[in-house]
> 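Encoded as structure tokens, here's the structure I'll be asking about.
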Amino acid sequence: MTYLSRIRINPLRAESRVLLANPRAMHAAVVGGIPGSPDRERLLWRLDADNPHRPYLFVLTRSKPDWTHIVEKAGWPDAEGEHAAVRDYTTLLDQIATGREFAFRLTANPVQNTQNPTRPTSAQAARIADDSEGKRRRGFRMAHRTAPAQLDWFLTRAERWGFEIPVSRTDAPAPGLAQATADSDSGAEKRAWDPNPAREIRITAHRRHSFTKNGKGPRVTFHSVTFEGRLRVTNPAAFTTRLLEGIGPAKAYGCGLLTLAPLRGQQG
């Protein structure tokens with residue numbers, strides 16, 4: 001079975017501040033809620049902090065979790081209300097069908113692979129200099145920094161993920177999408193988007209993360225972007241795979257979990 005959990009976080013507690021500031025610490029807390037060996041799990045999690053006074057942690061697990069340790073150290077253990085809701089995910093998966101529409105939210109790490117960074121870091125420059133002449137160099141994973149590039153990353157991959165983003169009835173086109181083209185993951189295919197219609201998607205948050213592992217060693221740095229909007233299922237099998245396995249890199253650090261909600265006025 002699969003379970004989707006929602007845990008309330010109290011941002012004023014000392015343990016909470018550690019978890020909220022460090023994705024590696026939050027990942028460790030999430031792993032701590034899984035009975036048995038976490039190596040058998042494909043964990044996905046996301047921190048939603050729309051309300052900074054009451055952030056929510058969402059977690060998708062294959063086995064039924066226990067979030068007592070997070071509630072006791074980073075929540076409101078003695079307050080009223082449901083502190084950690086755990087729901088069977090099968091009910092939602094049973095609703096996936098071609099043409100079905102949902103509201104969605106995704107925090108992802110939009111990246112591209114390139115052989116020659118425009119402005120390489122010192123570490124990247126050293127690696128380029130050390131590479132043997134004529135040897136095929138492994139590409140560098142670079143973050144998309146601008147909203148148009150981030151939206152284009154999402155839209156050019158939606159079809160392979162099993163859904164499409166419908167054309168908006170009212171909104172103006174998202175900046176930069178009019179002439180957007182993007183390489184596929186293989187770098188061989190290019191796709192141009194219709195320059196006229198806007199689509200039902202927007203970026204609601206973006207953040208740069210930087211931390212060290214175990215308080216020492218090189219820093220881990222990545223960018224996360226939160227997308228929200230409306231989607232329409234085109235390939236139920238591919239879409240279900242993305243729901244269960246996540247989207248994009250940095251899944252251990254809170255990226256990749258796509259969550260759905262029914263659209264207003266839609267039954268089922």
Side-chain angles (χ1 to χ4, degrees), residues 9 11 14-32 38 42-50 52 55-60 70 74 105-131 137-157 161 175-176 182-185 187 201-228 242 245-259:
I9 302 295
E15 182 73 16
S16 300
R17 290 194 290 270
V18 173
L19 299 180
L20 295 172
N22 190 324
R24 181 175 174 81
M26 183 66 86
H27 175 72
V30 168
V31 170
R42 187 182 293 275
L43 290 170
L44 295 173
W45 64 271
R46 186 183 74 228
L47 182 66
D48 285 358
D50 308 70
Y56 283 96
L57 171 65
F58 288 85
V59 188
L60 190 69
I70 295 181
R105 173 177 283 193
L106 167 71
T107 293
N109 174 219
V111 296
Q112 60 180 324
N113 290 320
T114 178
Q115 294 286 331
N116 299 296
T118 303
R119 288 180 289 182
T121 64
S122 57
Q124 291 168 346
R127 199 178 105 190
I128 293 171
D130 288 343
D131 282 340
R137 185 167 64 240
R138 182 167 55 89
F140 296 95
R141 180 176 284 180
M142 308 291 292
H144 287 296
R145 302 291 185 87
T146 67
Q150 292 160 353
L151 286 164
D152 187 62
W153 174 88
F154 185 99
L155 291 171
T156 55
R157 290 160 174 76
W161 294 335
D183 293 339
S184 68
D185 289 339
I201 182 174
R202 62 191 180 278
I203 290 174
T204 60
H206 54 85
R207 183 179 175 186
R208 180 181 182 272
H209 306 263
S210 184
F211 55 92
T212 58
K213 296 182 178 181
N214 301 320
K216 58 184 179 180
R219 298 195 71 81
V220 175
T221 301
F222 71 97
H223 294 257
S224 66
V225 180
T226 300
F227 302 93
E228 293 184 11
R242 289 306 105 215
E245 298 185 4
I247 289 176
K251 295 182 181 69
Y253 299 139
C255 295
L257 175 58
L258 176 68
T259 55

> Report yes or no: does Asn109 contribute a side-chain atom to a donor-acceptor pair with the main-chain N or O of His223 at less than 3.5 Å?
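Yes: the side chain of Asn109 pairs with the backbone of His223.
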> Is any side-chain heavy atom of Phe222 closer than 4.5 Å to one of Pro249?
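Side chain of Pro249 against side chain of Phe222, heavy atoms only: no contact under 4.5 Å found.
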> Heavy atoms, side chains only, cut-off 4.5 Å: are Pro55 and Pro11 in contact?
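Pro55 vs Pro11: side chains touch.
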> To the closest 0.5 Å, what do you measure between CG (Leu258) and CZ (Phe58)?
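If we round to the nearest 0.5 Å, Leu258:CG and Phe58:CZ are 12.5 Å apart.
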> With side chains defined as the heavy atoms from C-beta onward, is the minimum distance between His209 and Tyr253 less than 4.5 Å?
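SC-SC contact between His209 and Tyr253 ruled out.
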> Testing Ile247, Val59, Leu43, Leu60 one by one against Leu257 for a side-chain contact (heavy atoms from CB on, under 4.5 Å), which residue passes?
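Of all the options given, the one that passes is Leu60.
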> Within the structure provided, determine whether Leu106 and Phe154 are in side-chain contact (heavy-atom separation under 4.5 Å).
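In short, these two side chains touch, coming nearer than 4.5 Å.
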> Okay, side chain of Trp45, backbone of Ala252: is any donor-acceptor separation there less than 3.5 Å?
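Flag set: sc Trp45 to bb Ala252 pair under 3.5 Å.
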> Once you round to the nearest 0.5 Å, how far does CG of Leu151 lie from CD1 of Ile203?
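The distance works out to 4.0 Å.
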> How close do Cys255 and Ala108 get, heavy atom to heavy atom, and via which atoms?
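Scanning both residues, the minimum pair turns out to be SG-C, 3.9 Å.
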> Do the ring planes of Trp153 and Phe227 sit parallel (below 30°), tilted (30 to 60°) or perpendicular (above 60°)?
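Trp153 and Phe227: parallel rings.
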> Quick one: pull up CG in Leu19 and CG in Leu47 and give me the separation to the nearest 0.5 Å.
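So the CG of Leu19 and the CG of Leu47 are separated by 9.0 Å.
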> Can you tell me how far CG of Leu44 sits from OG1 of Thr107, rounded to the nearest 0.5 angstrom?
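One finds 12.0 Å between OG1 of Thr107 and CG of Leu44.
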> Search all heavy atoms of Thr221 against all heavy atoms of Arg208 and return the closest pair with its distance.
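Nearest pair, atom of Thr221 first, then Arg208: CG2-NH2, 3.6 Å.
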> Strictly distance-based, threshold 3.5 Å: is any side-chain N or O of Glu15 a donor or acceptor partner for the main-chain N or O of Ala74?
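Judged by distance alone, no pair lies under 3.5 Å.
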> Donor-acceptor pair, distance only, cut-off 3.5 Å: does the side chain of Arg219 make one with the backbone of Ser210?
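Between the backbone of Ser210 and the side chain of Arg219 there is a qualifying donor-acceptor contact (under 3.5 Å).
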